[in-house]
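Note sheet for the following structure.
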Amino acid sequence: MKKKIFSAIMAAAMVMSLCACGSNTASTAPSEKASEAPAASSEAAASESASSAASEAAPTGGKLVMATNAEFPPYEYHDNDKIVGIDAEIAAALAKELGCELEIEDIAFDSVIPEVTSGKADFGMAGMTVTEERKQSVNFTDTYASAKQAVIVKEDSDISDIDGLTGKIIGVQTGTTGDIYASGDYGDGNIERYSKGMEAVQALSQGKVDAVIIDNEPAKVYVSENEGLKLLDSAYAEEEYAICVSLDNKDLLDKLNTALAKLKEDGTIDGIVAKYIKSE
Ligand code: ARG
């Protein structure tokens, strides 16, 4: 019996060390969540007293904090008071694999990496493109999606391809690869930055900018929801999305990669993507 209690405590401690590295989880997690901790439900299920020992040892319920910017359909966006989308659902499936509760934090896109490097969030998942520059401050998991930077223009625009962007005013979401690449290629003075992709698209509809460079899937959503806009046929850049983790948290990186591989293998990720992106 003693041994069981001990192993339950150890299991709970392990869950805590993996899941509870976000912001002040010990004091903020609702206490009833402790009973959902896997250590309490699996290992300790054999004995009542062991189970309560595990609950005490894991008061956080094992929480993983994800930083995102929920202005990016179909990857993450608000549906009434919920954050939904491909990333939100993959993250929920990953958290489940890791035996953690998931908390999603919605912040500005250019704050996602700082939130992770400062340890306030455990990981960042925001349709985030893997870049060499970002790799200087965070580790990326294996990739889970391919993407493109697309160009949105007005239906009657004289811009017909990427070359036509030279000298035009381009709207982007601040800190995105669209922002970074376009500033480099077309000059900072030609870039208008918006805190949300949707605001850049509205500026295009109002004629304040000549084009918007943004990831292909959100671009398709915005074009379908706003009259008079179209996508250029040619993409501006090819990219891969991954989850970012603090350089110090190799343990979480490895566990996320293992869980991602499993969810790719068993079709979970394809299923989630198919729910949000209808094949043409
Ligand atoms: N893929 C682009 C990047 O990594 C844009 C991501 C924007 N994501 C968001 N949730 N707003 O820079």
Side-chain angles (χ1 to χ4, degrees), residues 65-79 82-92 94 102-117 120-152 170-186 188 191-204 209 211-223 225 231 235-245 269 272-273 276-277:
V65 180
M66 156 175 160
T68 196
N69 169 248
E71 300 291 343
F72 200 65
Y75 288 93
E76 46 265 328
Y77 57 101
H78 290 267
D79 182 12
K82 268 190 81 188
I83 294 174
V84 298
I86 296 171
D87 287 348
E89 290 205 23
I90 294 177
L94 288 169
L102 178 71
E103 179 181 310
I104 301 183
E105 206 179 61
D106 181 20
I107 56 178
F109 179 72
D110 56 351
S111 299
V112 171
I113 289 183
E115 198 77 354
V116 170
T117 55
K120 288 190 196 139
D122 298 301
F123 66 93
M125 190 171 190
M128 186 179 284
T129 305
V130 178
T131 70
E132 287 308 313
E133 205 194 335
R134 289 173 180 164
K135 278 191 197 165
Q136 305 299 308
S137 36
V138 283
N139 276 325
F140 281 102
T141 61
D142 297 331
T143 62
Y144 63 90
S146 301
K148 291 178 179 136
Q149 288 298 309
V151 183
I152 314 177
I170 302 166
V172 295
Q173 185 184 19
T174 310
T176 58
T177 44
D179 177 4
I180 299 160
Y181 303 155
S183 315
D185 288 349
Y186 303 103
D188 217 43
I191 307 302
E192 284 293 335
R193 299 186 174 85
Y194 297 88
S195 62
K196 301 176 180 178
M198 187 59 201
E199 289 169 2
V201 173
Q202 278 159 358
L204 175 62
V209 299
V212 169
I213 297 185
I214 195 161
D215 302 49
N216 193 45
E217 292 302 332
K220 286 199 287 197
V221 173
Y222 293 141
V223 167
E225 286 176 353
L231 276 173
Y236 175 54
E238 311 270 338
E239 332 193 291
E240 297 284 339
Y241 293 164
I243 300 169
C244 68
V245 181
I269 295 195
I272 293 170
V273 171
Y276 287 94
I277 301 177

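From a predicted model like this one, the values you see are computed outputs, not experimental measurements. Note that these values count all heavy atoms, side chains included, but never hydrogens, waters or copies made by symmetry. In listed order, ligands and their atoms are each counted from 1.
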- Message: Before you tell me yes or no, could you show the steps for D215 and Y241 under side chain to side chain donor-acceptor pair (under 3.5 Å), namely the whole-Å CA-CA distance, both residues' side-chain angles and the distance that decides it to 0.1 Å?
- Response: CA-CA 11 Å; D215 302 49; Y241 293 164; 2.6 Å; yes
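- Listed by chain and number, N69, F72, E76, F109, A126, G127, M128, T129, R134, Q173, T176, T177, D215, E239, Y241 each place a non-hydrogen atom less than 4.0 angstrom from ligand 1.
- Looking at residues two or more places apart in sequence or on another chain, you find no ring pair (Phe, Tyr, Trp, His ring centres under 6.0 Å) involving Y276.
- Under the salt bridge (charged side-chain N to carboxylate O under 4.0 Å, His left out) criterion, R193 pairs with D179, D188, not counting sequence neighbours.
- Residues F72 and F109 keep their aromatic ring centres 6.0 Å or farther apart.
- With sequence neighbours left out, the salt bridge (charged side-chain N to carboxylate O under 4.0 Å, His left out) criterion links K148 to no other residue.
- Going from atom OG1 of T174 over to atom CD1 of I191 covers 11.0 Å, rounded to the nearest 0.5 Å.
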